[in-house]
Number of protein chains: 2
Amino acid sequence: MKTKTQKTQSGKVQLLEVAQRLMLAKGYTATSVDEICQQADLSKGSFFHYFESKEELGKAALDGFYFRQKEGMLQAEFRKEADPLKRVESLIDFLIQAFKNPDIPKSCLIGNFSQELSETHPEIRKLCADHFADWAESVKSDLDEAKTKYKPHTPLDTQSIADYLIAVIEGTLILYKAKKDIKIFEKNLGHLKLYVQSIF
Amino acid sequence: MKTKTQKTQSGKVQLLEVAQRLMLAKGYTATSVDEICQQADLSKGSFFHYFESKEELGKAALDGFYFRQKEGMLQAEFRKEADPLKRVESLIDFLIQAFKNPDIPKSCLIGNFSQELSETHPEIRKLCADHFADWAESVKSDLDEAKTKYKPHTPLDTQSIADYLIAVIEGTLILYKAKKDIKIFEKNLGHLKLYVQSIF
DNA sequence: CATATTATACCAACCAGTCGGTATAATAAT
DNA sequence: ATTATTATACCGACTGGTTGGTATAATATG
């Protein structure tokens, strides 16, 4: 019956989870392979059995992070909302609520890696750009639907509005890390929501 | 007459400039004291003559960065604009123009340090929070003036609008580092400007 | 048996920081 | 004015520890 992983997760998954947690908090460079192994209760030999380098682990952690975020979004309740504009507004409300949850890390691996590694790790920079683009695309498709439905008088560049939404989130995370005041999420995302409403 | 430092800058200034440049590009952790010394053409002995630790250098570089940015803002032409609302709009235009200049680094030491060090270096985190607060205060005072002058119908939380402006800038920098497309500044700051106009 | 997983031992390079010392110049004492 | 004292700027070797990474072997697992 208990054929696979009954006591604990596989070594690879464990390493990825620890790496993600540490890198969300301290970034890529300040997170050492040794510390990851320690906290994953595995040896360095195991680490380099699963990942051929720290950078490969970084890429895997980044992909895993984005995949989980995307899954969480797609399966969230607000996605069932029929009206596309309300769906965008609900996305913002969903984020406001999510950031109120103390168990949700106030950090984004894509933003962290983009800031820290864009000049030194070109492949990771590219991955960040791709994930940002994919994220923006999913927002853009709702905005396009809303545009078709509500035909606003002013011309709308939905792509750049989606990018803007991401920038507000990433910037708010940075501000939060300095101030450590959770209210910044509600306030900033509130402004963003008002803006989206104002242009439709 | 020429009593002091006519040929080259003092060692301390040189170290600070190199540190700022490297940390703007690669962050704090990935920038080693050795590399700073190499590029500043000074020995490690000299480094620790001027700074008692790497963290103290980080603080000094952070303060210096903010001071320069603030000076640049205060002396900019748009500050002479009499109308407070136009002054805020001109600030945004000023930033759009500034980011078009290839010589201006597309990076903010306050944002970088906040993201990278907030969990590990509490004193630096505090410094970031203070600088963000000071920056926001300068924006808020213009917004307050505009509020008094134009008496908008909707109630305005000028403090949170100022924070929002900073978040948009910081988030846009992160997006830029991934995408490396300079147009993101004009687009995102354009949305911000529209929002500010819409609420007055 | 063979393959996947884990551990141990090790490495060279690099890390922040220390140390003892020198060269120079400003200041004080004679 | 000359000498003694002190402070500043700087150097480069060195330390203990950490870094990412490797080589090899033990242990599971199928």
Side-chain angles (χ1 to χ4, degrees), chain A residues 1-23 25-62 112-113 116-117 119-124, chain B residues 1-20 22-23 25-62 113 116-117 119-124:
Chain A
M1 289 291 180
K2 310 169 187 175
T3 42
K4 48 171 88 166
T5 63
Q6 79 272 28
K7 48 166 70 171
T8 174
Q9 316 151 335
S10 90
K12 188 168 185 176
V13 172
Q14 183 69 8
L15 287 166
L16 278 169
E17 277 187 12
V18 171
Q20 183 180 106
R21 177 168 45 79
L22 290 175
M23 288 174 177
K26 310 191 301 177
Y28 176 87
T29 314
T31 300
S32 74
V33 172
D34 278 317
E35 192 181 1
I36 295 168
C37 292
Q38 263 174 258
Q39 296 202 18
D41 218 25
L42 279 167
S43 67
K44 236 167 141 166
S46 297
F47 181 98
F48 285 101
H49 168 70
Y50 290 114
F51 305 100
E52 68 174 11
S53 69
K54 186 189 178 184
E55 181 167 356
E56 286 307 308
L57 162 85
K59 291 185 195 171
L62 184 57
N112 289 7
F113 282 13
E116 204 187 334
L117 307 174
E119 297 286 291
T120 50
H121 294 62
E123 294 180 13
I124 290 187
Chain B
M1 289 299 173
K2 310 170 186 174
T3 43
K4 45 173 89 166
T5 62
Q6 79 271 28
K7 49 166 69 170
T8 174
Q9 319 154 346
S10 90
K12 190 168 185 176
V13 172
Q14 183 70 8
L15 287 166
L16 278 169
E17 276 186 13
V18 172
Q20 184 181 106
L22 290 175
M23 288 174 176
K26 308 192 301 178
Y28 177 87
T29 313
T31 300
S32 76
V33 173
D34 278 319
E35 191 179 3
I36 295 168
C37 293
Q38 251 175 263
Q39 297 202 18
D41 219 26
L42 278 164
S43 70
K44 233 179 173 162
S46 297
F47 180 96
F48 285 100
H49 168 71
Y50 290 114
F51 304 100
E52 68 174 12
S53 67
K54 186 188 178 183
E55 180 167 356
E56 286 307 308
L57 163 85
K59 291 184 195 173
L62 183 57
F113 282 12
E116 205 186 336
L117 307 174
E119 297 286 292
T120 51
H121 294 63
E123 294 179 13
I124 290 186

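Here is the naming used below: chain letters follow the sequence lines, and residue numbers restart at 1 for every chain. Just so it is clear, the values below take in all heavy atoms, side chains as well, and ignore hydrogens, waters and symmetry mates. Keep in mind that what you see is a predicted model, and the values were worked out from it rather than measured.
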Quiz item: Can you tell which of dT6(C), dA16(C), dG20(D) lies closest to the side chain of Ser32(A)?
Solution: dG20(D)
Self-check item: Nucleotide dT19(D), atom C1' - distance to CG of Leu57(A) in whole Å
Solution: 15 Å
Quiz item: For dT5(C), does OP1 or OP2 lie under 4.0 Å from any side-chain N or O of His49(A)?
Solution: yes
Quiz item: Of Asp41(B), Val33(B), Leu42(B), which meets side-chain contact (heavy atoms from CB on, under 4.5 Å) against Leu15(B)?
Solution: Leu42(B)
Exercise. Classify the nucleic acid contact of Ser46(A) as base, sugar-phosphate or nothing, counting any heavy atom under 4.0 Å across all strands shown.
Key: base
Quiz prompt | N/O donor-acceptor pair, side chain Lys44(A) with base dG21(D), under 3.5 angstrom | solution = yes
Quiz item: Just how far is it from atom CG of Leu62(B) to atom CE of Met23(B), taken to the nearest 0.5 Å?
Solution: 10.0 Å
Self-check item: Given DNA chain D, 5'-ward residue of the pair Ala30(A) and Gly45(B), judged by closest heavy atom
Solution: Gly45(B)
Quiz item: In whole angstroms, how far is the C1' atom of dT15(D) from the CZ atom of Phe48(B)?
Solution: 13 Å
Exercise. Tell me which nucleotide among dG12(D), dA16(C), dG17(C) gets nearest to the side chain of Val33(B).
Key: dA16(C)
Quiz item: When all nucleic acid strands are considered with a 4.0 Å heavy-atom cut-off, which category describes Gly11(B): base, sugar-phosphate, or nothing?
Solution: sugar-phosphate
Exercise. Look at all strands and tell whether Thr31(B) reaches a base, only sugar-phosphate, or nothing, counting heavy atoms closer than 4.0 Å.
Key: sugar-phosphate
Self-check item: Distance (rounded to the nearest 0.5 Å) between Arg21(A) CZ and Ile36(A) CD1
Solution: 10.0 Å
Exercise. May I ask you to establish whether Lys59(A) and Phe51(A) are in a cation-pi arrangement, using a distance under 6.0 Å from NZ or CZ to the six-membered ring centre and at most 45° from the ring axis?
Key: no
Quiz item: For Leu15(B) and dT8(D), what is the distance between atoms CG and C1' respectively, to the nearest whole Å?
Solution: 15 Å
Quiz item: Over how many whole Å does the gap from Tyr50(B) atom OH to dT8(D) atom P extend?
Solution: 11 Å
